Protein chains: 2
Amino acid sequence: MKTSLINYILKHITLSTEELEGFCNLFNQKDVKKKYFLMREGEVCKFEGFVTKGLFRVYHIDSNGFEQVLYFAQENWWITDIDSFTNETPSQLYIQALEDSEVLLISKKDKEFAYNNIPKIEKLFRIMTQKTHIALQQRMIDNLSKTADQRYLDFIEKYPNLFQRLTNLQIAAYLGISHEFLSKIRRKIASK
Amino acid sequence: MKTSLINYILKHITLSTEELEGFCNLFNQKDVKKKYFLMREGEVCKFEGFVTKGLFRVYHIDSNGFEQVLYFAQENWWITDIDSFTNETPSQLYIQALEDSEVLLISKKDKEFAYNNIPKIEKLFRIMTQKTHIALQQRMIDNLSKTADQRYLDFIEKYPNLFQRLTNLQIAAYLGISHEFLSKIRRKIASK
DNA sequence: ATCATTTATTGAACTTGTTCAATGTTTTGA
DNA sequence: TCAAAACATTGAACAAGTTCAATAAATGAT
């Protein structure tokens with residue numbers, strides 16, 4: 001169902017019923033079972049997706065074979081590799097469902113169609129990109145300024161919901177530390 | 001002079017002469033001498049700025065008193081704390097000129113006026129935010145996946161121009177390492 | 001219910017990066 | 001132009017985080 005997308009849109013801009021319907025019809029639902037991939041490294045990202053159910057991780061595999069999580073996306077979050085999608089270059093990222101998930105996808109062509117025919121859509125994506133940029137900026141500051149212990153505590157506080165749904169393996173890959181070290185951090189915290 | 005702003009705009013969208021002039025007139029030039037501040041922590045960021053001359057650093061002071069550089073902005077780059085500017089919350093950032101600089105500033109009110117009166121301005125800032133987001137995403141991936149040595153080499157390759165204009169102190173604060181350690185990296189590289 | 005797989009914990013040795021203090025070099029401003 | 005300030009380098013001791021290997025606990029598929 002597209003009600004969650006509609007809610008998201010109306011929270012940010014106002015559209016007429018026809019505009020709303022026209023825009024929403026540009027999205028196609030895709031079901032992605034746990035552990036399946038929406039995209040793999042090397043592919044050009046062909047979509048921008050709005051998660052309606054489940055949870056995804058967007059990650060990179062570095063030259064030592066370690067998986068580094070760029071971000072997680074749960075219900076009402078967007079997923080894409082904005083670099084690959086925008087510039088039509090091969091992605092360095094994998095997007096994988098961590099639970100049985102559903103996502104609404106829009107293609108670049110249809111998104112451009114929307115930009116041209118419903119001017120307010122520019123505003124929607126301007127605001128959306130701005131919000132994700134703010135979140136990433138905050139994470140960058142935290143990664144530069146804080147110790148792993150503190151980043152872990154911050155994560156729990158900021159995303160209690162994700163914390164419940166993720167394994168320590170995934171959280172460590174997001175924090176940028178080994179899962180063994182996360183385990184030691186957890187012990188240290190628990191002993192207080 | 002506002003020619004560099006005009007060039008920037010026309011590289012991304014097309015505007016009529018009146019629109020272009022109207023929009024550019026919303027910007028006020030400000031001269032900032034070396035070491036002076038455009039903004040300090042605790043203030044609400046009241047502007048979005050386009051650098052026409054010189055070089056700025058946008059940085060955070062962490063709880064240990066260390067300065068961490070979020071980004072540098074030279075000619076034709078934008079500077080703001082997008083979080084503080086958008087949400088009108090106190091900033092955690094300092095913005096300081098590293099050279100005698102000139103910047104064109106637009107206020108939130110005038111920017112909103114432009115959004116409402118020149119729809120294409122939405123597109124301009126959507127594209128601009130997208131580009132800065134892509135750059136930040138890449139930096140995040142690199143920070144998670146690469147060693148300090150490699151990040152330093154990447155920096156030199158990616159921003160040879162900034163490398164020339166910045167001290168090692170500033171580069172270290174951007175790479176997220178101490179300047180002493182950067183010095184050791186430099187020695188190691190030089191000895192090869 | 002059970003076996004296989006994935007996830008979590010732990011310790012020891014190691015690597016990367018920090019801290020501090022001292023010294024040398026470059027830049028800047030009066 | 002020269003003194004002061006800012007920047008850069010170095011070494012030694014230290015702290016944060018990794019790696020590897022072994023084991024325990026939890027989860028999942030049949």
Side-chain angles (χ1 to χ4, degrees), chain A residues 33-36 54-55 57 59 61-69 72 96-101 142-156 162-192, chain B residues 33-36 54-55 57 59 61-69 72 96-101 142-156 162-192:
Chain A
K33 285 259 171 276
K34 182 169 176 171
K35 294 192 182 173
Y36 279 68
L55 176 59
R57 65 171 176 147
Y59 67 99
I61 300 187
D62 69 23
S63 54
N64 298 316
F66 288 104
E67 301 178 352
Q68 311 287 354
V69 171
F72 299 108
Q96 185 190 36
L98 293 174
E99 303 173 358
D100 290 349
S101 303
D142 289 350
N143 262 290
L144 288 171
S145 334
K146 293 178 177 169
T147 177
D149 302 43
Q150 196 52 54
R151 295 206 306 278
Y152 177 62
L153 291 171
D154 287 358
F155 183 85
I156 296 173
L162 283 179
F163 170 65
Q164 303 277 19
R165 294 164 87 174
L166 292 167
T167 64
N168 291 333
L169 223 66
Q170 296 305 331
I171 294 174
Y174 178 87
L175 298 176
I177 58 178
S178 67
H179 68 281
E180 294 97 331
F181 188 55
L182 176 55
S183 193
K184 284 158 197 174
I185 288 174
R186 284 162 52 78
R187 178 176 48 176
K188 204 172 71 184
I189 290 169
S191 76
K192 284 184 186 162
Chain B
K33 284 257 170 277
K34 182 169 176 171
K35 294 191 183 173
Y36 279 68
L55 176 59
R57 63 171 177 148
Y59 68 99
I61 299 188
D62 70 23
S63 55
N64 298 316
F66 288 104
E67 301 178 351
Q68 311 288 355
V69 171
F72 299 108
Q96 185 190 36
L98 293 175
E99 303 173 358
D100 290 350
S101 302
D142 289 349
N143 262 288
L144 288 171
S145 333
K146 292 178 177 170
T147 176
D149 304 41
Q150 195 54 54
R151 296 206 305 278
Y152 177 62
L153 291 171
D154 286 359
F155 183 85
I156 296 173
L162 282 179
F163 171 66
Q164 302 277 18
R165 294 165 84 174
L166 293 167
T167 64
N168 290 333
L169 222 67
Q170 296 305 333
I171 294 174
Y174 179 88
L175 298 176
I177 58 177
S178 66
H179 68 281
E180 294 96 332
F181 189 55
L182 176 55
S183 193
K184 284 158 196 174
I185 288 175
R186 285 161 52 77
R187 178 176 46 172
K188 204 172 72 184
I189 290 169
S191 75
K192 285 185 184 165

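For clarity, every value in this text was computed on a predicted model and none was experimentally measured. Letters go in sequence order (proteins before strands), and every chain restarts at 1.
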Atom pair CD/OH of B/Gln170 and B/Tyr59 - distance to nearest 0.5 Å: 8.5 Å

Starting at atom CZ of A/Phe66, determine the distance to atom C1' of D/dT18, rounded to an integer number of angstrom. 8 Å

Rounded to whole angstroms, how far apart are CG on A/Asp100 and C1' on D/dG28? 13 Å

Estimate the overall bend of the helix from C/dA1-D/dT30 to C/dA30-D/dT1 from the end axes over five pairs each, rounded to 10 degrees. 70°

Atom of A/Gln68, atom of A/Gly176 and distance for their closest heavy-atom approach: OE1-CA, 4.3 Å

Interatomic distance, A/Leu144 CG vs C/dG17 P [rounded to whole Å]: 14 Å

Distance in Å, A/Ile185 CD1 paired with A/Arg151 CZ, rounded so as to fall on 0.5 Å steps: 8.0 Å

Without swapping roles, check the side chain of B/Asn64 against the backbone of B/Phe66 for a donor-acceptor pair under 3.5 Å. no

Is the backbone N or O of B/Arg57 less than 3.5 Å from a side-chain atom of B/Gln96, with the two atoms forming a donor-acceptor pair by type? no

Between B/Thr147 (side chain) and B/Gln150 (backbone), is there a donor-acceptor pair under 3.5 Å? no

Between C1' on C/dT16 and CD on B/Gln150, what's the gap in Å once rounded to a whole number? 15 Å

Using whole Å, what does the distance between atom P of nucleotide C/dT15 and atom CD1 of B/Ile185 come to? 17 Å

Output for pair (A/Phe155 CZ, A/Leu166 CG), nearest 0.5 Å, gives 5.5 Å

Going 5' to 3' through nucleotides 5-12 of chain C, assign each nucleotide B (protein heavy atom under 4.0 Å from a base atom), S (under 4.0 Å only from sugar-phosphate atoms) or - (no protein heavy atom that close). --SSBBBB

Take the protein atom CD1 of B/Ile177 and the nucleotide atom C1' of C/dT19, then report the distance between them rounded to whole Å. 14 Å

By nearest nucleotide on DNA chain C, pick out whichever of B/Lys34 and B/Lys146 is the more 5' one. B/Lys146

Considering non-hydrogen atoms only, spot the tightest contact between A/Leu175 and A/Asn143 and give its length. O-OD1, 4.0 Å

Between A/Tyr152, A/Phe72, A/Phe163, which is the residue that forms a ring pair (Phe, Tyr, Trp, His ring centres under 6.0 Å) with A/Tyr174? A/Phe72

How many whole angstroms separate atom CG of B/Asn64 from atom P of D/dA16? 11 Å

Rounding to a whole Å, what distance do you find between B/Asp149:CG and C/dT15:P? 14 Å

